[in-house]
Engineer: 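One structure, pasted below without further comment.
Letters go in sequence order (proteins before strands), and every chain restarts at 1.
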Amino acid sequence: MESPEQSRVPDASAPPPRPAPGGIAARARALAAPAAYLAGLNPEQRAAVETLDGPVLVLAGAGTGKTRVLTTRIAHILASGRASPHQILAVTFTNKAAREMRQRIGTLIGESVEGMPWLGTFHAIGVKILRRHAELVGLKSSFTILDTDDQVRLMKQVIEAEGIDEKRWPARQLAQWIDGWKNRGLTPDLVPAGEAAGFGNGRGGKLYGAYQERLKTLNAVDFGDLLLETIRLFRQNPGVLADYHRRFRFMLVDEYQDTNTAQYLWLRLLAQTPAGERPNLCCVGDDDQSIYGWRGAEVDNILRFEKDFPGAVVIRLERNYRSTGHILATAAHLIAHNEGRLGKTLFTDDEEGERVTVSGSWDSGEEARAIGDEIEALQRKGQSLDEIAILVRASFQMREFEDRFVTLGLPYRVIGGPRFYERAEIRDALAYFRATVQTADDLAFERIANVPKRGLGEATMQILHDYGRRNGVPLMQAARVLVETEELKPKPRQTLRDLMTSFARWAAQVEALPHQELAELILEESGYTEMWQKDRSAEAAGRLENLKELVRSMEGFENMAGFLEHISLVMDTAEGDGEEKVSIMTLHAAKGLEFETVFLPGWEEALFPHPRSLDENGRAGLEEERRLAYVGLTRARRRAKVWFASNRRIHGLWQSTIPSRFVDELPEAHVEVVQAASYGSSGLGMSRFDRAQPFAGSSYATPGWQRAQANMAAGFKATAGPRRESMTIEGELVAKSTGTVSPFKVGDRVFHLKFGNGDVAEVDGNKLSVDFDKAGRKRVVDSFVERA
DNA sequence: TAGGGTAGTATTTTT
DNA sequence: TACTACCCTA
């Protein structure tokens, strides 16, 4: 970036300084350098970047360049020499966001930002601080971090120890209560008595306390503690806090609208010095995109920023660089129905573009078929599948699309399904590693003691537990003692002895062997790999692949312990195999992303706004749902396509549904109603789109009904009859089915990644009808199966 | 102890 | 409908 931008550099008009050593060229470079990253910012963005002193709230609407502002601001702080990398605290919510920011800053300032140790998630930074001062809060710095699963198992033990019926008061529920308290920054002594009494016949508070004690005994913390314990550390040790006050010259927070009370308290401790200087705190967020209220986020935090930090400068970013005029206007009109807003009006210089479309379908199946067809049409026009997304309200909606896309042979990816780290095989493998490295990790040991099944059942574990509790030693130590006594029956005793020998052997190798090799060794020798190799179910192959992936992902870590620390915080794996795919994800998962074309199916009253959200949170719940709709619309750059079905199967029952109230809240001027004719009107709560429908009076006469009938008939024939000509289901004619000869024949045994093993029942070009052992008969494209 | 049968339940999800 | 968690039986 050169000359035109230079004139906008503040100092450019000042009298020229004396020639610096190195001559004019060097001086020009020095002047031009800062301009390079400021170039191309609009005035508001530039203000957000350059207002370094004092508290700043940046209200950044969707697509207004929020991340750019954040990263540029950091670059600016660094380039202007106001602080060095280790003096900047930059907090994000997800590891993904942290990664992205790190990478973008690097690009901006043209060098690596390895030196920004305090850029990370709340939790990652919490751990870092906590490890340094662990002993001040009664932990050893080697403490382990439990995930949700561990927490629940621990709580189960606590509940049972308290003599409470776990069936009546499930551990999972207690976990939610405690999580809620922790989100609000409440330690056991601070939970309002009335509230604590609400669980377990009045013993909720006691259980919470007991759980915390168990954590301490195990030298463990859960995610909530990463914040709470840091808060406690700061409050009880002003000296430590003062140290961080001095350290963090600049603080930046991303997605401020998503902070919960605990995170707020944590930030405030760091931002508010006793001397009362104004903190250089910059929070960026969008109240209209607050969609995590249900997990403790307090929109209030952003709404009252100016009160919390007097003299705060509020900067609004309202120029949208992402979407077309119609999309933006539609989203703006919708969100205007919300009351509790700070108020922003997004605008764009972009063209009006295509109107947002609203389409109806007879049922969810037709919805999936129609969207599949549209995607294929877009693909033929040259649109990359990577630029197409289907955003759903609830994950059960994904399935219909998956099934349909498998049939069409349309590549897709599901984002935010079961997370890598949450998969059973990964957790099992990690448990083996944890138990090897940390022999006191009871929860890890318990998890895998009998995985694979080796005859160490409940009875044996009970004996270990009793002994452990009596003598205050970890389970594995208890096991070592007990195998030398007569307390166990001979068979489990021998098994347990062998297992303990194995663990001792692995532990001895921790230093000697590279951790990747050790990992493989453990999985091999424990019989864990073998267990899945023997398993003939559909998922087994994928699980083995995941295990390999796990071992691969250990590369680049110092040692096993380092890897485990990382994995407990950063539990996603970066994926991407290069192939173009349609993305399917929930609206929640879509925040922060953008696509050329966005499909928004399922805009029906029974689903979106989700009735549960309305029941539990009333008006606030409705507004959050509306924000979700807003997030969905604003993900689209050029095309947003809303769909609703008049029949949907929910929990296995067919329900007749009516279009979402959000559909009615869209502005007619920017919306185009297409295929309204195919929507079979039920006569209930008709939206204006029904009125646009010429056959509304008699629903049986509508083309939609007729088409639905035809589809149903075709679908029936497809599954019931072997006649080939009956397989021309509407919409499938476009599938790549002609001319090719399948390598499979009727009767072949095949394997499909999603459906498992099955027998080929019919061959039609490159399409197969397969009777799957578990999933029943499905039609699949032959490239999706292999010989079993 | 392990596997099968049954009952109960069923948004959104990051760390 | 589909999954899971638990109980009961072999």
Side-chain angles (χ1 to χ4, degrees), chain A residues 91-98 120-127 145-152 156 166-167 170-173 176 179 182-183 221-228 255 258-260 262-263 290-297 364 391-400 415-419 421-422 424 450-462 489 491-492 495 566-572 585-592 602 606-617 621 624-625 627-629 631-632 648-655 774-776:
Chain A
V91 209
T92 63
F93 272 80
T94 63
N95 293 298
K96 199 173 138 218
T121 62
F122 277 101
H123 299 269
I125 292 169
V127 182
I145 303 160
L146 303 187
D147 59 37
T148 335
D149 222 64
D150 292 328
Q151 286 176 52
V152 171
K156 201 174 231 167
E166 205 266 338
K167 262 179 294 179
R172 194 154 286 283
Q173 208 177 323
Q176 281 169 17
D179 206 48
K182 288 190 173 178
N183 282 160
V221 295
D222 61 22
F223 279 114
D225 288 341
L226 294 178
L227 292 168
L228 276 196
E255 307 279 15
D258 286 337
T259 47
N260 61 36
Q263 287 156 341
S290 158
I291 54 175
Y292 285 109
W294 50 273
R295 72 178 195 213
S364 48
L391 310 182
V392 297
R393 175 63 184 85
S395 37
F396 76 84
Q397 292 173 261
M398 294 180 179
R399 208 186 161 139
E400 203 119 29
I415 296 179
R419 246 134 254 292
Y421 68 93
E422 270 171 8
N450 202 28
V451 182
K453 299 253 182 287
R454 47 170 78 90
L456 295 176
E458 214 172 310
T460 313
M461 291 310 285
Q462 195 53 51
K489 296 218 176 73
K491 218 154 124 204
T495 314
H566 173 83
I567 213 82
S568 63
L569 286 170
V570 184
M571 299 192 269
D572 56 353
M585 68 187 96
T586 62
L587 287 160
H588 284 92
K591 192 161 77 145
L607 181 61
F608 187 38
H610 202 285
R612 193 114 154 202
S613 185
L614 269 44
D615 291 348
E616 284 165 17
N617 294 304
E624 181 154 317
E625 294 283 309
R627 289 194 290 267
L628 208 43
V631 167
R648 188 175 295 277
R649 203 165 48 179
I650 294 177
H651 305 328
L653 290 175
W654 280 99
Q655 312 246 296
K774 296 222 171 105

Engineer: Can you give the first and last nucleotides of DNA chain C, 5' to 3', that have an atom under 4.0 Å from a heavy atom of chain A?
Structural biologist: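 The footprint of chain A covers dT1(C) to dC7(C).
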Engineer: When you check every protein heavy atom under 4.0 Å of nucleotides 7-14 of chain B, what one-letter string (B, S, -) results, 5' to 3'?
Structural biologist: ---BBBBB
Engineer: Excluding sequence neighbours, so at least two apart, what forms side-chain hydrogen bond (donor to acceptor under 3.5 Å, both in side chains) with T94(A)?
Structural biologist: none
Engineer: Taking only Lys NZ, Arg NE, NH1 and NH2, and the carboxylate oxygens of Asp or Glu, determine whether D258(A) and K591(A) approach each other closer than 4.0 Å.
Structural biologist: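 Salt bridge: yes.
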Engineer: What's touching nucleotides 2-6 of chain B from the protein side, N or O pairs under 3.5 Å?
Structural biologist:
from	atom 1	to	atom 2	distance (Å)
dA2(B)	OP1	G455(A)	N	3.3
dA2(B)	OP2	N450(A)	ND2	3.2

Engineer: When you measure from the side chain of R649(A) to the backbone N and O of W654(A), does any donor-acceptor pair fall under 3.5 Å?
Structural biologist: no
Engineer: Base, sugar-phosphate, or nothing: which does T460(A) touch, judged by heavy atoms less than 4.0 Å apart?
Structural biologist: sugar-phosphate
Engineer: Taking all heavy atoms of Q263(A) and all of L227(A), pick out the closest pair and write down the distance.
Structural biologist: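 In this case the closest contact between Q263(A) and L227(A) is CG-CD1, 3.5 Å.
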Engineer: Where each pair must be Watson-Crick or G-U wobble with both distances under 3.5 Å, what dot-bracket representation of DNA chain B is obtained, with crossing pairs in [ ] and other-strand partners as |?
Structural biologist: ||||||||||.....
Engineer: I'd like to know if the side chain of N450(A) reaches the main chain of G455(A), judged simply by a donor and an acceptor atom lying under 3.5 Å from each other, with no hydrogens or angles considered.
Structural biologist: yes
Engineer: Are K182(A) and D222(A) within salt-bridge range, i.e. N to O under 4.0 Å?
Structural biologist: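 A salt bridge is present here (some side-chain N lies under 4.0 Å from a carboxylate O).
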Engineer: Once side-chain hydrogen bond (donor to acceptor under 3.5 Å, both in side chains) is applied, do any residues pair with H588(A), and if so which ones, sequence neighbours excluded?
Structural biologist: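 Checked H588(A) against side-chain hydrogen bond (donor to acceptor under 3.5 Å, both in side chains); matches are W294(A).
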Engineer: At under 4.0 Å between heavy atoms, what does K156(A) touch on the DNA or RNA strands: base, sugar-phosphate, or nothing?
Structural biologist: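 The residue K156(A) makes sugar-phosphate contact but no base contact.
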